[in-house]
Amino acid sequence: MTEQQDNYWMQQALTLAKEAEAAGEVPVGAVLVRDNQLIASGRNQPIGSHDPCGHAEIICLRQAGQVLQNYRLLNTTLYVTLEPCAMCAGAMVHSRVARVVFGAPDPKTGAAGSVIDLLQHPIFNHQVQVSGGVLATECGELLSSFFRRRRQEKKQLKLGNCGDGGGD
């Protein structure tokens, strides 16, 4: 894929991340592409679906398996706005995704090189090609502003509950 194609598909993933944010979820979106054609998409929804596996990548991979009628997602590229976690990286290895392109790195739980590199670990029977940092500024700012807003909301709740207990 060219840089222009990578940017285009990451923009599609960013649109899904914004939908996740609008639904009260951490803003992460993912699209799966083969031959420059959209196969599947997903956005974070663990909170709303009460599903710890409701990450954008997992939703996208599940949908792709149904679309392709195969759990092997050969010759595909997954675009995701945040570096995959260990769960999502494992699913990519098992489904034989050829390449993952992510936007913002995740220095706390990133499993594509930031904390650990499960996608290219030599012990596995499949390694996934990794390209990180595509539209990283846009992806990172969406996440940063989301968490900044959440911290501010929590702070306001605490301040609102710290009244003096007095009357009027």
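Note that the structure is a prediction, hence the values are computed from the model and not measured.
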Would you say [X] and [Y] make side-chain contact, with heavy atoms under 4.5 Å?
X: Val130; Y: Gln120; value: yes
X: Leu143; Y: Val26; value: yes
X: Gln5; Y: Asn36; value: yes
X: Ser41; Y: Leu16; value: yes
X: Thr81; Y: Leu142; value: no
X: Leu32; Y: Thr77; value: no
X: Lys108; Y: Val115; value: no
X: Arg96; Y: Leu73; value: no

Please check this pair: side chain of [X] against backbone of [Y], looking for a donor-acceptor N/O pair closer than 3.5 Å.
X: Gln63; Y: Cys60; answer: no
X: Asp51; Y: Pro46; answer: no
X: Asp35; Y: Gln37; answer: no
X: Glu25; Y: Gly48; answer: yes
X: Glu83; Y: Gly103; answer: no

Checklist entry - For Arg148 and Glu141, what are the C-alpha separation, side-chain angles and deciding distance, and is it a side chain to side chain contact (heavy atoms under 4.5 Å, CB included)? => result CA-CA 10 Å; Arg148 208 172 18 253; Glu141 183 49 42; 2.8 Å; yes
Next on the checklist: Working note: Leu78 + Val101, criterion side chain to side chain contact (heavy atoms under 4.5 Å, CB included); need CA distance, chi angles, decisive distance, verdict.
Outcome noted: CA-CA 6 Å; Leu78 183 88; Val101 179; over 6 Å; no
Checklist entry - Same cluster or not: are Tyr8 and Met10 linked, directly or through other Ile, Leu, Val, Met, Phe, Trp or Tyr residues, by side-chain heavy atoms under 4.5 angstrom apart? => result yes
For residues [X] and [Y], report the shortest heavy-atom separation together with the two atoms involved.
X: Ala112; Y: Leu119; value: CB-CD1, 3.7 Å
X: Leu82; Y: Pro105; value: CD1-O, 3.9 Å
X: Pro27; Y: Ala20; value: CA-CB, 4.2 Å
X: Ala40; Y: Ala64; value: CB-N, 3.5 Å
X: Pro84; Y: Ala89; value: CB-N, 4.2 Å

Item to check | Residues clustered with Ile58, ILVMFWY side-chain links under 4.5 angstrom | outcome: Met87
Checklist entry - Distance from Ile116 atom CD1 to Thr109 atom OG1, nearest 0.5 Å? => result 11.5 Å
Item to check | Sequence neighbours excluded, every pair satisfying ring pair (Phe, Tyr, Trp, His ring centres under 6.0 Å) that has a member inside residues 24-72 | outcome: none
Item to check | Pairs flagged by ring pair (Phe, Tyr, Trp, His ring centres under 6.0 Å) wherever residues 83-133 is involved - sequence neighbours left out | outcome: His121-Phe124
Checklist entry - Does Leu38 have any side chain to side chain contact (heavy atoms under 4.5 Å, CB included) partners at least two apart in sequence or in another chain, and if so, which? => result Trp9, Val31
Checklist entry - Among all residues two or more places apart in sequence or in another chain, which pass the side chain to side chain contact (heavy atoms under 4.5 Å, CB included) test with Arg34? => result Ile39, Leu68, Asn75, Thr76
Checklist entry - Checking side chain to side chain contact (heavy atoms under 4.5 Å, CB included) for the pair Ser114/Asp106: CA distance, chi angles, key distance, verdict? => result CA-CA 6 Å; Ser114 288; Asp106 186 346; 5.5 Å; no
Item to check | Sidechain N-carboxylate O distance under 4.0 Å for Glu21, Arg149 | outcome: yes
Next on the checklist: Can you tell whether the side chains of Lys18 and Glu138 come within less than 4.0 Å, N to carboxylate O?
Outcome noted: no
Next on the checklist: Going by the rule side-chain hydrogen bond (donor to acceptor under 3.5 Å, both in side chains), which residues pair with Asp6 if we only count those two or more places apart in sequence or in a different chain?
Outcome noted: Tyr79, Arg99
Next on the checklist: Counting only heavy atoms from other residues, nucleotides and ligands, does the tally under 6.0 Å from CD of Glu153 exceed 12?
Outcome noted: yes
Item to check | Heavy-atom neighbours of Glu3 CD exceed 12 at 6.0 Å | outcome: no
Next on the checklist: Quick one, Ile59 with Arg43, criterion side chain to side chain contact (heavy atoms under 4.5 Å, CB included). Give me CA distance, side-chain angles, the key distance, then yes/no.
Outcome noted: CA-CA 7 Å; Ile59 304 297; Arg43 64 171 179 79; over 6 Å; no
